[in-house]
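Could you have a look at this structure, given as structure tokens, before my questions?
Chain letters run A, B, ... following the sequence lines, proteins first and then strands; every chain starts at 1. Both backbone and side-chain heavy atoms feed into the values below; hydrogens, waters and symmetry mates do not. Nothing here was measured: the structure is a model prediction, and the numbers come from that model.
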2 protein chains.
Amino acid sequence: MSNDPLQILQNYVQSVGLKTTKQRELIAKVFFAQNAHLKAEEVLEHVRKSDQKISLATVYRTLKLLQVCGLAKSHDFGDGHARFEPTTDQDAHHDHFICTACGKITEFFSEQIEQLQNDIADAHDFQVNYHRMELYGFCSDCKKNK
Amino acid sequence: MSNDPLQILQNYVQSVGLKTTKQRELIAKVFFAQNAHLKAEEVLEHVRKSDQKISLATVYRTLKLLQVCGLAKSHDFGDGHARFEPTTDQDAHHDHFICTACGKITEFFSEQIEQLQNDIADAHDFQVNYHRMELYGFCSDCKKNK
DNA sequence: TTTTCTGCAAAACCTTTGCATGTGG
DNA sequence: CCACATGCAAAGGTTTTGCAGAAAA
């Protein structure tokens, strides 16, 4: 059983009767290579370096496909643009720090948060399936320049 | 020094040379009375009960004004609609539980989260100004019906 | 009277979709 | 060949903006 997202995508595509195309492969490759929070437009920019003709619609369609097979997630951090990020086992539960000065998004992981969400869930009779925690403020660089 | 958001708004409006209007007063009154997470369209619905002629544009403009003077915040919970909520001292730090079955949004507050964010901030050399924590899953009602 | 505000409609924005053409299996 | 995929452009949804008339200071 492979952990390579491109392999997983390939398997999924075949099993559901979809087709492997140059565009899909390229978009997926670029997306997983950039381990970042990209807007669709940014994914397109990267992809265009290899293929000028790929359309934004295809980027959206491929990103949606990646979400359907559990390889990507989208999220709006509040500026009206959806950001996409890979979902892999090791970072499925990571959280984010968002610098409100420079816009940089950094990931972090806290075991305590996992514990905390269980406590809160119990206290409120909720069944938590996943969580999201975001800390807004200034990153170390921007903190200096204040 | 008043704690009444309507009073704060009034003071702000006057101090910056803006004008007090029936529409602004009504929208603000309705918004603060509904202590909920409302879409702009929902604010409009409530407002229309008192004044049929108020436009959606004015609702947006007033909600933006409330954000500028720190009385409201907006956030996209992932369905593409911005939700607006009052920002007051007592609930400035609350967090959210979102039921992915029925869409219900519930607030909660945890002192431990406040502590946790400080620890994380220190560890990463970040200056946290505010945070957001969301737990996604099933509320007690929807949990039963599974 | 002067500046701001409103309502309307149009524009802007990101994202999705319809359609004719292209391409993988 | 047939079904799916693509690119383009147009449509879709929410939010913003330009403008002329209305209202507050």
Side-chain angles (χ1 to χ4, degrees), chain A residues 6 9-31 37-45 47-48 50-69 72-85 103, chain B residues 6 9-31 37-45 47-48 50-69 72-85 103:
Chain A
L6 295 175
L9 176 62
Q10 167 94 345
N11 293 343
Y12 176 82
V13 163
Q14 286 187 350
S15 70
V16 190
L18 302 180
K19 292 173 179 176
T20 305
T21 65
K22 290 183 190 108
Q23 291 92 332
R24 281 223 263 252
E25 284 187 327
L26 179 58
I27 292 168
K29 200 183 93 187
V30 163
F31 177 68
H37 310 81
L38 299 177
K39 295 177 248 185
E41 194 74 52
E42 292 171 333
V43 174
L44 183 66
E45 281 174 28
V47 162
R48 283 268 169 92
S50 303
D51 183 340
Q52 262 81 59
K53 298 202 200 69
I54 287 185
S55 72
L56 187 56
T58 299
V59 170
Y60 275 111
R61 285 188 276 231
T62 302
L63 288 172
K64 175 156 282 186
L65 177 64
L66 292 177
Q67 291 178 72
V68 167
C69 60
K73 284 195 174 187
S74 80
H75 181 234
D76 185 338
F77 285 101
D79 59 355
H81 307 68
R83 311 293 189 106
F84 299 85
E85 60 180 313
Chain B
L6 295 175
L9 176 61
Q10 168 94 344
N11 293 343
Y12 176 81
V13 163
Q14 286 188 348
S15 70
V16 189
L18 302 179
K19 291 172 180 176
T20 305
T21 65
K22 289 183 189 107
Q23 291 92 331
R24 281 222 264 252
E25 285 187 327
L26 178 59
I27 292 168
K29 199 182 94 188
V30 164
F31 177 68
H37 310 80
L38 299 176
K39 295 177 248 185
E41 195 73 52
E42 292 171 333
V43 174
L44 182 66
E45 282 173 29
V47 161
R48 283 268 169 92
S50 304
D51 183 340
Q52 263 80 60
K53 298 201 200 72
I54 287 186
S55 71
L56 187 56
T58 299
V59 170
Y60 274 110
R61 285 187 277 230
T62 301
L63 288 172
K64 176 155 282 187
L65 177 63
L66 292 177
Q67 291 178 74
V68 167
C69 59
K73 284 193 174 188
S74 80
H75 181 235
D76 185 337
F77 284 101
D79 59 355
H81 308 69
R83 310 293 189 106
F84 299 86
E85 60 180 312

Worksheet item: Rounded to the Å, how far apart are A:Lys53 NZ and C:dG22 P?
Response: 13 Å
Discussion item. Apply side-chain contact (heavy atoms from CB on, under 4.5 Å) to residues A:Leu6 and A:Glu25 and explain how you reach the verdict.
Written reply: CA-CA 8 Å; A:Leu6 295 175; A:Glu25 284 187 327; over 6 Å; no
Worksheet entry | Below 4.0 Å: OP1/OP2 of C:dT6 and any side-chain N or O of B:Ser55 | no
Worksheet entry | B:Gln14 (side chain) donor-acceptor with B:Asn11 (main chain) under 3.5 angstrom | no
Worksheet entry | N/O donor-acceptor pair under 3.5 Å between A:Arg48 side chain and A:Ile54 backbone | yes
Worksheet item: Along nucleotides 13-18 of chain C, 5' to 3', which nucleotides get a B, which get an S, and which get a -, given that the test is a protein heavy-atom distance under 4.0 Å?
Response: -SBBBB
Discussion item. In this structure, how many angstroms lie between the P atom of D:dC4 and the OH atom of A:Tyr12, rounded?
Written reply: 13 Å
Worksheet, complete the sentence: Here the distance between atom P of D:dA5 and atom CG of A:Leu26, to the nearest Å, is 17 Å
Worksheet item: Can you give one letter per nucleotide of nucleotides 20-25 of chain D, going 5' to 3': B for a protein heavy atom under 4.0 Å from the base, S for sugar-phosphate only, - for none?
Response: ----BS
Worksheet item: Should A:His75 and A:Arg83 count as side-chain neighbours, where that means a heavy-atom distance under 4.5 Å?
Response: no
Discussion item. Whole angstroms only, please: what is the CD-C1' distance between B:Glu25 and C:dT4?
Written reply: 15 Å
Discussion item. I'd like to check A:Phe84 versus A:Gln67 (side-chain heavy atoms, cut-off strictly below 4.5 Å). Are they in contact?
Written reply: yes
Discussion item. Output the rounded distance in Å from NE2 (B:His75) to P (D:dT15).
Written reply: 13 Å
Worksheet entry | Between P of D:dT6 and CD1 of A:Ile27, the distance in whole Å | 7 Å
Worksheet item: Distance check: side-chain N/O of A:Gln23 vs OP1/OP2 of C:dT23, anything under 4.0 Å?
Response: no
Discussion item. I want to check something: taking the side chain as every heavy atom from C-beta on, are B:Lys22 and B:Asp51 in contact at a cut-off of under 4.5 Å?
Written reply: no
Report, one line per pair, each donor and acceptor closer than 3.5 Å where one atom sits in a side chain of residues 58-65 of chain A; sequence neighbours left out.
unit_1	atom_1	unit_2	atom_2	d
A:Thr58	OG1	A:Ser55	OG	3.2
A:Thr62	OG1	A:Thr58	O	2.9

Discussion item. Has B:Arg24 got a side-chain atom pairing as donor or acceptor with B:Lys19's backbone, closer than 3.5 angstrom?
Written reply: yes
Worksheet item: Is the number of heavy atoms from other residues, nucleotides or ligands within 6.0 Å of NZ (A:Lys29) greater than 12?
Response: no
Worksheet, complete the sentence: To the nearest angstrom, the CD1-C1' distance between A:Ile54 and C:dG22 comes to 14 Å
Worksheet item: Separation of A:Gln52 atom CD from D:dT6 atom P, in whole Å?
Response: 17 Å
